[in-house]
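Indexing begins at 1, ligand by ligand and atom by atom, following the structure's order.
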Amino acid sequence: MKTMLQQLTDLVSAAFEACGYDPALGRVGVSNRPDLCQFQCNGALTGAKLYHKAPFMIADEVAKKLQDEPIFSKVEMVKPGFLNLTLSDEHLAKEATALAASETLGIPQAENAPTIVMDYGGPNVAKPLHIGHLRSAIIGESLKRIARAMGYRVVADVHLGDWGLQIGLVIAELSERHPEWRCFAADFDPNTEKVPALDVDLLNEVYPFASKKSKTDEAFAEKAHRMTFELQTGNPGCTALWQEILRVSIADLKGSYEKLGVDFDLWYGESNAEAYVEPLLATLREQNLLHESEGAQVVDVEEPDDKAPVPPVIIKKSDNSNIYATTDLATIIQREEDFHPAAIWYVVDKRQGLHFTQVFRCARKAHLVPEDCELSFLGFGTMNGSDGKPYKTRDGGVMRLSDLLATVEDAAAEKMNQSSFVSAEEQRDTARKVGIAAIKFGDLINHRSKDYIFDLDRFLSFEGKTGTYLLYTITRIHSILEKLGVDDRAPITLSGVYTDAERDMLLNILQTGEVFTHALDEKAPNYICENAYKLANLFSSFYHDNHIATESDPVKQQNWISLCRLTSRMLQKQLDVLGIESVKRM
Ligand code: ARG
């Protein structure tokens, strides 16, 4: 299904061509004077220069050609040479009916399902999932769903931080607490011996403790580095303990992500890139890109136009250990080998921008991916507390995600109308969904690159640009349909338009496909949030002004019911790509 603007552009381009002008002049956009018309084309203004003719003359000719098109209720030339277009209500109703019948609800589909590898989440094993990783999960999940809704094949990789110093710190600390554990002995045999079972509570306590200790205790810090190195070079005891840490951590992470409605196709981590480090070094050497600098192996990546210095990428440190960039480069080789993606997107804190500039430049220099493979860093801003500083717990610590979710769920439960629920379970489940909707919408309504303030009261408000308001709108529609005993599986047919609000709703619905395109182009879900909010708002005024249940004209009433159903579907489709589940009552 072509989008509304594509259809109009085709028609107007043909009219330009029939009048002897370049069809490319026929591009149609949404009107910036909705009081005058719905759509406009400014091609005659450009054409005037090309054809040395007054723009209004060109626009007038084209307008005459379009005059008899039945889809328009008004085609107007407005000086100096605008072409103002308004669609007939019959056409809007017909298009909306077709959209309702299409499986994709009019969302444009990519050709040949290009593959995008998406790297988001990025939690660090052995550390509890904290709110710093919340934004990556929320934004990444939404971008994944938008791309999938548009016909892309997306491979989502959580890309665990499972190979770095944080593991060394935990292992070092455990070795001090339990020197008797067999895994710390030189003759430990992983084939016949087991490491003791760990649990998340222990890990949650050990990591911060060890991290703090390493800052003051030099010998301990040294030990943690040594343990990291031992792990990375295959020491059997460290490896066995690491596997136990992974087992416990991943089970916990999976639970948290599941609660958030975020899911991944791959649970790879930095450790999976280890096998590609040697091939990476070989490629870099082969292409003469590696050179030594202060004992480290580096690749230069600065470019003449750089406004700020871009230091060389360190591939091997002087102690022969790998670092973050090494892993990311090796992972690019792996992803290329496994998926030949058209694009790799990284949804990571924007403060890591320089790291990705270095990594991408090095990947390009070394031709790790074909030239037409897009490498994009989608940086996001910080979630701040009401003091404008990164969100913290009351005692100033980093808030664990599970604590945050529990707080939000309780706050949501308090806001809801208890009496509308049949069971306590349903109420709890709804509170969870409302809470998640509040957090996700509160995040996604901001352009991802911006910082925002986490304000739970505002996010849970029934008014304004909130997830709560959108869910509430859907429950209102649900309750009308239920009251009237409407079968929501029947085809949706619209026959006409009776009020201005309906026309505006149909225009919004028919342009939602374009909003998806824009959101994907910009890799920014906030455009979908805004669009869905607009539709909910239009619905509110429509609902306020018209009494659907008591309407005596059956044709009108049927039409309104159809419009309610279509609105609900469009809202749910948009919430779905935001990663938000809707509810029936609240
Ligand atoms: N684990 C990293 C962190 O906590 C984020 C990983 C992002 N992805 C990547 N490919 N570097 O900062």
Task: Nearest-contact summary for atom 12 (O) of ligand 1 - protein heavy atom, Å - done: Gln352 NE2, 2.9 Å
- [ ] Heavy-atom contacts with Asp119 under 4.0 Å: which atoms of ligand 1 show up? List them by number with element.
- [x] 8 (N), 9 (C), 10 (N)
- [ ] May I ask you to list the atoms of ligand 1 that are less than 4.0 angstrom from any heavy atom of Tyr324?
- [x] 2 (C), 5 (C), 6 (C), 7 (C), 9 (C), 11 (N)
TODO: Provide the number and element of each atom of ligand 1 under 4.0 Å from a heavy atom of Phe356.
DONE: 9 (C), 11 (N)
TODO: Would you please indicate if the ring centroids of Phe380 and Tyr120 are separated by under 6.0 Å?
DONE: no
Task: Atoms in ligand 1 flagged as close to Val348, the criterion being non-hydrogen separation under 4.0 Å - done: 7 (C), 8 (N)
- [ ] Just go through Asp349, Asp328, Val347 and tell me whose heavy atom is the nearest to atom 10 (N) of ligand 1.
- [x] Asp328
Open item on the list: If you count every heavy atom of other residues, nucleotides or ligands that lies below 6.0 Å from Glu294 atom CD, does the total exceed 12?
Closed with: no
Task: Note: Asp252-Arg400 ion pair, threshold 4.0 Å (strictly below) - done: no
- [ ] State plainly whether the residues Arg145 and Glu141 are in salt-bridge range, i.e. N to O under 4.0 Å.
- [x] yes
Open item on the list: Once you restrict to heavy atoms under 4.0 Å, what part of Asn124 touches ligand 1? Side chain, backbone, both or neither.
Closed with: side chain
TODO: Say whether Tyr346, considering both its backbone and side-chain N or O atoms, lies within less than 3.5 Å of an N or O atom on ligand 1.
DONE: no
Open item on the list: Run the side chain to side chain contact (heavy atoms under 4.5 Å, CB included) test on Leu246 and Trp242 for me, step by step, so that the C-alpha distance in whole Å, both residues' side-chain angles and the decisive distance to 0.1 Å come before the verdict.
Closed with: CA-CA 6 Å; Leu246 277 191; Trp242 169 71; 3.5 Å; yes
Task: Pair Lys223-Ser214, side-chain donor/acceptor within less than 3.5 Å - done: no
